[in-house]
2 protein chains.
Amino acid sequence: MQSEQEILRQYLKENGLRRTPEREHILQEIFATHEHFDVDELYLRLCQKGVKISKASIYRALRLFLDCGLIREVDFSDGHWHFEHIYGHNQHAHLRCLGCGEIVEFEDPNLTLLQGQLGRDYHYQIVSCHLEVKGYCATCGKTREKSL
Amino acid sequence: MQSEQEILRQYLKENGLRRTPEREHILQEIFATHEHFDVDELYLRLCQKGVKISKASIYRALRLFLDCGLIREVDFSDGHWHFEHIYGHNQHAHLRCLGCGEIVEFEDPNLTLLQGQLGRDYHYQIVSCHLEVKGYCATCGKTREKSL
DNA sequence: AAATTATTGCAACCGAGTCGCAATAAAGAT
DNA sequence: ATCTTTATTGCGACTCGGTTGCAATAATTT
Ligand SMILES: [Mn+2]
Ligand SMILES: [Mn+2]
Ligand SMILES: [Zn+2]
Ligand SMILES: [Zn+2]
């Protein structure tokens, strides 16, 4: 199995794009942890590691990584973009607490089946499948009951 | 079963808010069709019907309607908000064509089961569950193959 | 009818994300 | 190794969806 860097380099070559230290630094940072991230967080993490880079370049790199399937968008409905790396990971869905923001990742084999079903039923070529469940975790649920 | 207007009036009364023609016009327009909509579309539709209203009030009303569960956000990942009315409708998910934007709505009984399962497994009180599947419809899929 | 205060419209504002451009630097050709 | 081509970067200006402060208005309560 190729590394994410190899995937990137291959994609760049195939599309007449160039390999740059900026792109590789960003990609490395994205795959350094399993955390979900937004542009500001990523920018900060890079700054802290001494990588000098502009936000414009980060935005541009993220679009590139989306195109080659290394990352995907995660919808937090909070007005700006969040992402996570997906290359090398099983597809998963998110259960998020509206109180504290905790995120539980879970896999659902039914989703894979559903994709096949949808593809067949509606003659669609499925590209992505995002399931986001929201609610209150045990702790936040209790706090909430009291205040009602 | 109560009408959406009754739901709204009840919510307003319970929260010390006021019933206004603006809010009722907006709500009526939202439930006039089954279309998904964004703020601009809704604003235009209201203008065309001669309802004079500011966009600020639409934004404020939509937040209100979200709070009382009359509408929900729909994620199109295109940089601005989309909504649909949900009161009086079964929960459904979306299959959207990345080429032409066509939207197929479908129900998946497994999702309901999954919610119960998640609630039990992780002690979460589930509030919402959004499934968005993206891909290419038969037509757009063919057009796409040619251009590759 | 008067008093209270939520709501509206407007316009100024905010901020995430984009874009044009000049400087830089990859990659290929010689 | 140097030259040429052109993709990429950083910067700052810009866009535009969405928010907010405020004075005027109007829904409710008394
Ligand atoms: Mn995740
Ligand atoms: Mn729908
Ligand atoms: Zn919580
Ligand atoms: Zn299509």
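Looking at heavy atoms from C-beta onward, A/Glu105 lies out of side-chain contact with A/His34 at the 4.5 angstrom threshold.
Contact between the side-chain N/O atoms of A/Thr20 and the OP1/OP2 oxygens of D/dA7 is not found at any separation under 4.0 Å. Distances shown here put a side-chain N or O of B/Ser57 below 4.0 Å from the OP1 or OP2 atom of C/dG9.
The separation between B/Leu12 atom CG and C/dT7 atom P is 7 Å, rounded to whole Å. Atom CZ of B/Arg63 is separated from atom P of C/dA6 by 16 Å (rounded to the nearest Å). Summarising the geometry, the separation between CG on A/Leu42 and P on C/dA16 is reported as 15 Å, rounded to the nearest angstrom. The CZ atom of B/Arg23 sits 11 Å away from the P atom of C/dA6 (whole-angstrom rounding). Separating the OH atom of B/Tyr11 from the P atom of C/dA6 is a distance of 14 Å, rounded to the nearest angstrom. Rounded to whole Å, atom P of C/dT7 lies 12 Å from atom CZ of B/Phe65. Atoms CZ (A/Arg19) and C1' (C/dG28) sit 16 Å apart, rounded to a whole Å.
The listed nucleotides are C/dT18, D/dC11, D/dG17; the one nearest the side chain of B/His80 is D/dG17. The B/Tyr59 side chain lies nearest to D/dT19 when the options are C/dT18, D/dG10, D/dT19. The side chain of A/Arg18 lies closest to D/dT6 when the candidates are D/dT6, C/dG9, D/dC11.
Map B/Lys13 and B/Trp81 each onto its nearest nucleotide of DNA chain D; the residue landing nearer the 5' end is B/Trp81. Checking B/Gly16 against B/Lys55, the closest nucleotide of DNA chain C that is more toward the 5' end is the one next to B/Gly16. Each of B/Gly79 and B/Pro21 was assigned the nucleotide of DNA chain D with the nearest heavy atom; the assignment lying further toward the 5' end belongs to B/Gly79.
Cluster membership for B/Val39 and B/Leu46, using ILVMFWY side-chain heavy atoms within less than 4.5 angstrom, is shared.
B/Arg60 comes within 4.0 angstrom of a base, heavy atoms only.
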